[in-house]
Amino acid sequence: MIIVANWKMNPKTLKEAEKLFVSIGRGIKIRRKKRKKLPEIVICPPSVYLFNLKKELSSLRSLTPFLKAGAQDVFWEEEGAYTGEISPLMLKDVGCKYVIIGHSERRRYFGETDEMINKKVKAALKAGLYPILCVGETEKERKKGNIGDILRKQIKSALKGISGSELQTLRFSIAYEPVWAIGSGKACEAGEVRKVKLIIKKVLSSLYSLDVVKKIRLLYGGSVNGSIAGKYIKDGEIDGLLVGGASLRAGEFLKIVDNSFE
Ligand code: PGA
């Protein structure tokens with residue numbers, strides 16, 4: 001089980017980011033004492049905060065197997081004249097394990113194409129990062145009834161030229177994030193998520209062996225909060241959650257962590 005916090009472009013100051021991180025860390029520490037098994041928790045702050053939060057994490061050392069740092073995006077080159085970009089090697093160097101790739105906000109506001117996402121996935125895997133690939137349909141696409149086609153295209157393009165063995169050695173996750181459910185308060189129903197999971201599995205099975213498909217974790221993201229989180233794990237039969245807005249409130253996020261046991 002994996003719970004990923006996508007802080008997006010929040011909070012506004014490093015001080016607030018550290019406070020939030022420590023509150024979540026302390027909450028996890030308390031839960032760790034009570035339960036042997038915890039989900040893996042990945043916090044993806046804005047990149048400028050990564051290094052400091054990583055330092056905070058070392059002071060919470062007993063938590064490192066559970067609490068990890070991740071990035072919200074990555075560039076595909078290792079170094080060079082690419083103003084504003086951050087390379088997979090740089091993320092690795094500051095202690096990042098996971099990286100979100102192809103989030104719908106990046107596709108929508110920054111013109112990320114399936115080809116760019118494919119390059120990013122390849123570069124992340126090469127650097128030994130664990131990619132969390134985001135896929136999902138818009139409201140318009142859903143109304144047209146072609147969710148399967150959209151997901152098939154997004155997944156096939158993102159994984160083009162990537163072998164099963166490359167995926168198998170690293171933890172690879174796919175997050176189903178319907179665009180209409182992100183930040184809207186209109187979460188996709190758990191039963192619906194279960195159906196989409198089958199579509200995704202089918203697409204993956206057309207590309208890779210059963211062994212590889214079984215290892216790919218499937219997450220859901222889109223307006224998840226503390227009161228509905230457990231439903232996805234139980235009825236949606238998924239391996240984890242990608243949480244935006246609710247991950248900015250330590251109490252709410254910890255409630256999601258608690259519900260992920262049910
Ligand atoms: P949300 O965002 O939880 O605020 O809907 C999820 C995401 O964008 O990953």
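All residue numbers in this chain count up from 1 along the given sequence. Note that the coordinates shown come from a computational prediction; the quantities given were computed from them, not determined experimentally. Every number for a ligand or one of its atoms is a count from 1 in the order of the listing.
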Any atoms of ligand 1 less than 4.0 Å from a non-hydrogen atom of Asn6? List them with their elements.
-> 9 (O)
Short N or O distance, Ser184 and ligand 1, threshold 3.5 Å exclusive | no
Should the pair Arg142-Glu192 be classified as a salt bridge under the 4.0 Å nitrogen-to-oxygen rule?
-> yes
of all protein heavy atoms, closest to atom 4 (O) of ligand 1 is Gly245 N, 2.8 Å
Of all protein heavy atoms, the one nearest atom 9 (O) of ligand 1 is Glu177 OE2, 2.7 Å
Could you check atom 3 (O) of ligand 1 against the protein and tell me its nearest heavy-atom contact, residue, atom and distance included?
-> Gly244 N, 2.8 Å
Over all atoms of both residues, closest heavy-atom pair of Cys44 and Val4 = SG-CG1, 3.8 Å
Passing option when Ser260 is tested against Ile41, Ile2, Ile3 for side-chain contact (heavy atoms from CB on, under 4.5 Å) = Ile3
Where do His103 and Glu177 land on the side-chain hydrogen bond (donor to acceptor under 3.5 Å, both in side chains) test, with the steps shown first?
-> CA-CA 8 Å; His103 190 281; Glu177 292 214 310; 3.2 Å; yes
Taking non-hydrogen atoms only, is Ile182 closer than 4.0 angstrom to ligand 1 via side chain, backbone, both or neither?
-> both
For ligand 1, which atoms, with element, lie under 4.0 Å from some heavy atom of Gly222?
-> 5 (O)
Between Ile199 and Val179, is there a shared hydrophobic cluster once you connect ILVMFWY residues whose side-chain heavy atoms come closer than 4.5 Å?
-> no
Minimal non-hydrogen separation, Ser223 against Lys186, with atom names | OG-N, 3.6 Å
